[in-house]
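Take this structure, written in structure tokens, and hold onto it; I'll ask about it next.
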Amino acid sequence: MPIYIADSAVFMMGKIIDTLSTITVPSVVNELKSSESKLRFDLAREEGLRVESPSKEALERIKEVSGQSRDNDELSSTDIEVLAKAYEFGEEAVILTDDYAVQNVASILGIKVEPVVQKKIKDVLIWQKVCIGCKRKFDSGDICPVCGSSMKKRRKKKL
Ligand SMILES: [Zn+2]
């Protein structure tokens, strides 16, 4: 069973998480501004989300690695704590984040990352023309060849 380490985006975006196998760090709370995100956080805690500080050793290791990769300027103290917490779990850890610098440091340390906001598969739209008069459908054209009314574009399907 992987241990998920949640960054603040999880609560801001409302990602569905398995609260019993998810840990976050105390400073995440400071990054939650909206009442919705705070509510999500509180609910997750009630449902078993663990909030734990990382060890000093893990924090030092993250600062060292992010200094070497020059990601340190981009990392907030919360990011560093999230990385450090994940570092404690090593191969078991999966960080839930969309932050590029966090992803970069995680990859250096061999820590898995899962995006918070999944990239949406682009909707494939197929258009067709529908006559406003007789409602017949055609693939193209502006004037209905049957009744002479104008036709409007309409979405045919979404894949
Ligand atoms: Zn028509």
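What you see is a predicted model, and the numbers here were worked out from it, not measured in a lab. Atoms within each ligand, like the ligands themselves, are counted from 1 in listed order.
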Checklist entry - Okay, side chain of Lys33, backbone of Asn30: is any donor-acceptor separation there less than 3.5 Å? => result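 Confirmed, Lys33 side chain pairs with Asn30 backbone.
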
Item to check | Side-chain H-bond candidate by donor/acceptor type, Glu81 with Ser53, under 3.5 Å | outcome: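 There is no such pair between these side chains.
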
Next on the checklist: Closer than 2.8 Å to the Zn ion (ligand 1), what protein N/O/S atoms do you find?
Outcome noted: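 Per the 2.8 Å query on the Zn ion (ligand 1), atoms found are Cys131 SG, Cys134 SG, Cys144 SG, Cys147 SG.
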
Checklist entry - Is there a donor-acceptor pair under 3.5 Å between the side chain of Lys129 and the backbone N or O of Phe138? => result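 No.
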
Next on the checklist: Can you confirm whether the side chains of Ser76 and Asp79 place a donor and an acceptor under 3.5 Å from each other?
Outcome noted: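 Short answer, yes.
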
Item to check | Leu20: partners by side-chain contact (heavy atoms from CB on, under 4.5 Å), with sequence neighbours left out | outcome: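 Once residues adjacent in sequence are excluded, the partners of Leu20 under the side-chain contact (heavy atoms from CB on, under 4.5 Å) criterion are Asp18.
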
Next on the checklist: Looking only at side-chain N and O atoms, does Asp99 offer a donor or acceptor that is under 3.5 Å from a partner on Thr97?
Outcome noted: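 No donor-acceptor contact under 3.5 Å links the two side chains.
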
